[in-house]
Amino acid sequence: MNKEKEYIFYEFDEDYKVIKLSVLGDYFTDDSNKLMKNSEALLKRVFPEKSNEHIKTISIFDENELLSKISELSKR
């Protein structure tokens, strides 16, 4: 995994959430499948109200990619 990627972006049907990757701590791994599972578990711990919502996508972004994605979503 590219070390410059530092944000986990969760997209839901109606909104999104962002967590800084460093919050993952020991859960961080180069195994992308395991990272996605850890990211989903982290979301449920940090945002328990989102536990029952369908996650459309989980993406790992650097700051520029994150800002671009948020800008894209705000134009909808």
CG/Asp15: more than 12 non-hydrogen atoms of other groups inside 6.0 Å: yes

Heavy-atom closest contact (Asp62 atom, Asn64 atom, distance): OD1-N, 3.1 Å

Atom CD of Glu14 with >12 non-hydrogen neighbours under 6.0 angstrom: no

Test: Lys50 cationic atom under 6.0 Å from Phe12 six-membered ring centre, within 45° of axis: yes

Ser39 (side chain) donor-acceptor with Leu35 (main chain) under 3.5 angstrom: yes

Electrostatic pair Lys37:Glu40 at N-O distance under 4.0 angstrom: no

Contact check, side chains of Val18 and Ile8, non-hydrogen atoms, under 4.5 Å: no

Within-4.5 Å side-chain heavy-atom neighbours: Glu11 and Leu73: yes

Parallel, tilted or perpendicular: rings of Phe61 and Phe9 (30°, 60°): tilted

Reported CD1-to-NZ distance for the pair Ile55 and Lys44, which is rounded to 0.5 angstrom: 6.0 Å

Ile58 reachable from Ile19 in the ILVMFWY side-chain graph, under 4.5 Å edges: yes

Taking every non-hydrogen atom, the tightest pair across Ile60 and Glu65: O-OE1, 4.2 Å

Minimum side-chain heavy-atom gap Leu42-Tyr10 below 4.5 Å: yes

